[in-house]
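Here's the structure, in structure tokens; my notes come after.
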2 protein chains.
Amino acid sequence: MANLEKEPGFPFYVVSRLISQAYREPLESLSLTYPQYLVMLCLWEEDGLMVSQIGERLSLDSGTLTPLLKRLEAMNLVKRERSEKDERKVGIQLTYPGKSLQSKASLISSSLDAVFANWAEKDKSKLEQLMNKLLESLKSHSQKF
Amino acid sequence: MANLEKEPGFPFYVVSRLISQAYREPLESLSLTYPQYLVMLCLWEEDGLMVSQIGERLSLDSGTLTPLLKRLEAMNLVKRERSEKDERKVGIQLTYPGKSLQSKASLISSSLDAVFANWAEKDKSKLEQLMNKLLESLKSHSQKF
DNA sequence: TAATTTTTGATTGTAAACAATTAAATTTAT
DNA sequence: ATAAATTTAATTGTTTACAATCAAAAATTA
């Protein structure tokens with residue numbers, strides 16, 4: 001494993017995919033994918049966000065978000081409405097079913113609890129802290145976000 | 001941010017994508033994507049691996065690897081040869097251009113150095129340690145890997 | 001041996017992810 | 001005011017990523 005072990009990015013790549021997989025089963029009850037769930041979390045926090053604002057929060061661009069939001073619209077969870085003031089902007093509004101889904105979603109965020117079950121609290125909080133630090137470092141070196 | 005902040009998986013999701021983006025520019029000189037680069041790393045470490053063995057090392061299944069390997073074959077970096085002993089198995093051999101590419105690849109693993117430049121050595125090693133621990137925890141809860 | 005199960009990779013279909021480009025509207029500068 | 005630059009989202013094309021299924025071969029069991 002000499003080569004792969006020298007790649008500092010590799011564990012992050014695998015961990016991210018395994019986490020998405022861990023969310024898959026719990027999210028089936030909402031018929032959402034993991035990225036769709038994250039978009040819904042944004043909107044439950046603040047309804048009526050512009051596409052660009054969702055993109056800022058999730059570090060995703062319109063090439064990813066536009067089709068994803070159209071799928072959420074097709075599921076009748078959101079409405080996409082072009083702003084009248086600035087017709088470049090598209091606001092994303094939760095529909096009633098979209099708002100209602102939040103109650104079902106409260107259990108999802110504990111999907112990783114089993115994974116961390118036998119972890120020391122200290123390690124969990126340290127990892128969280130270092131991941132946030134890394135996120136900031138990466139963003140400050142990123143052109144896009 | 002109340003909702004997103006409660007999602008323990010979110011930072012891993014963003015970090016992984018920002019890391020892939022950070023590798024994009026350095027990897028352009030090899031005309032490789034990040035996942036293709038990881039496959040090549042496996043093969044530079046051990047030539048002639050079966051598809052399933054690459055999948056184990058990278059936690060990827062054949063639905064991802066088969067088309068990726070066909071692209072590497074189209075680039076003349078690998079050959080795919082069905083085993084004579086067990087005709088279900090397909091061995092992946094490096095071509096001469098595939099082997100030669102390794103010399104150009106030595107610089108790639110330092111693509112994140114700038115990101116970690118002002119990090120304390122202690123934090124870096126702690127993060128690496130905790131990520132490997134998390135990887136093991138996730139794998140032990142995974143059906144697939 | 002014959003039937004069943006497992007292994008292995010390929011295929012199909014859907015959904016992200018993102019670079020590059022386009023189009024339209026707004027803002028800024030001249 | 002008008003030209004140039006910026007913002008914003010959509011579009012296009014390529015590449016992952018993965019579930020589900022299939023087919024063939026091999027290994028196991030009856």
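The sequence lines fix the lettering, A, B, ..., with proteins before strands; numbering per chain opens at 1. All values below were derived from every heavy atom in this structure, side-chain atoms included, with hydrogens, water molecules and symmetry-related copies excluded.
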For B/Glu28 and for A/Leu68, find the nucleotide of DNA chain C with the closest heavy atom, then tell me which residue's nucleotide is more 5'.
A/Leu68
Among D/dT16, D/dC18, D/dA9, the nucleotide that comes nearest once only the side chain of B/Pro35 is considered:
D/dT16
Working for salt bridge (charged side-chain N to carboxylate O under 4.0 Å, His left out), residues A/Lys144 and A/Glu56:
CA-CA 10 Å; A/Lys144 301 185 63 179; A/Glu56 280 166 27; over 6 Å; no
Hey, is the side chain of B/Arg82 poking within less than 4.0 Å of OP1 or OP2 on C/dG9, counting only N and O atoms?
no
Quick check on C/dA25: is either OP1 or OP2 less than 4.0 Å from any side-chain nitrogen or oxygen of A/Lys85?
no
Would you say a side-chain N or O of A/Lys70 is under 4.0 Å from OP1 or OP2 of D/dT11?
yes
So, A/Phe12 versus B/Phe12, ring centres under 6.0 angstrom or not?
no
Could you give the CD-to-P distance, from B/Glu87 to C/dA10, as a whole number of Å?
13 Å
note: A/Lys89, atom NZ; D/dT6, atom C1'; distance rounded to Å ~ 13 Å
By nearest nucleotide on DNA chain D, pick out whichever of A/Leu69 and A/Gln21 is the more 5' one.
A/Leu69
For residues A/Asp86 and A/Ser83, report the shortest heavy-atom separation together with the two atoms involved.
N-OG, 3.1 Å
Take atom CG of B/Asp61 and atom P of C/dT11, then tell me their distance rounded to the nearest Å.
14 Å
What is the distance from OH of A/Tyr34 to P of D/dA19, rounded to the nearest Å?
16 Å
Do A/Ser62 and D/dA10 share a donor-acceptor pair, side chain to base, under 3.5 Å?
yes
Within the 4.0 Å heavy-atom criterion, would you say A/Ser52 contacts the bases, only the backbone, or no part of the nucleic acid?
sugar-phosphate
B/Thr66 side chain: which of D/dC18, C/dA19, C/dA10 is closest?
C/dA10
Would you mind telling me which of C/dA25, C/dG9, D/dA19 lies closest to the side-chain atoms of B/Val90?
C/dG9
Taking all non-hydrogen atoms of both residues, which atom of A/Phe10 and which atom of B/Tyr34 are closest, and how far apart?
N-OH, 3.4 Å
Considering only heavy side-chain atoms of A/Gln36, the closest of C/dA15, C/dA10, D/dT8 is C/dA15
d(CG, A/Leu65; C1', C/dA15) in whole Å:
13 Å
B/Arg88 has its side chain closest, among D/dA25, D/dC18, C/dA24, to D/dA25
Of all the nucleotides listed (C/dA10, C/dC18, D/dA17), which has the minimum atom distance to the side chain of B/Arg24?
C/dC18
For A/Leu60, answer base if it contacts any base atom (sugar-phosphate contacts may also be present), sugar-phosphate if it contacts only those atoms, and nothing otherwise; contact means non-hydrogen atoms under 4.0 Å.
sugar-phosphate
Spacing between B/Gln53 atom CD and C/dT7 atom P, to the nearest angstrom
15 Å
Determine the contact category for B/Arg71: base if any of its heavy atoms lies under 4.0 Å from a base atom, sugar-phosphate if only primed atoms, P, OP1 or OP2 are that close, otherwise nothing.
base
From CZ of B/Arg80 across to P of C/dG9 the rounded distance in Å is 10 Å
Nucleotide nearest B/Thr64 (side chain, heavy atoms from C-beta), chosen from C/dC18, D/dT16, C/dA17:
D/dT16
From the list A/Lys79, A/Gln36, A/Arg80, side-chain contact (heavy atoms from CB on, under 4.5 Å) partner of A/Leu69 resolves to A/Arg80
Closest-nucleotide mapping onto DNA chain C: is A/Pro67 or A/Glu84 further toward the 5' terminus? I mean the 5' end.
A/Pro67
Select base, sugar-phosphate, or nothing to describe what A/Thr33 touches, counting heavy atoms under 4.0 Å on all strands.
sugar-phosphate
Which donor-acceptor pairs under 3.5 Å do side chains of residues 112-126 of chain A form with protein atoms, sequence neighbours excluded?
unit_1, atom_1, unit_2, atom_2, d
A/Trp119, NE1, B/Ser137, OG, 2.9
A/Ser125, OG, A/Glu121, O, 3.2
A/Ser125, OG, A/Lys122, O, 3.1

Take the protein atom CD of A/Glu56 and the nucleotide atom C1' of D/dA9, then report the distance between them rounded to whole Å.
14 Å
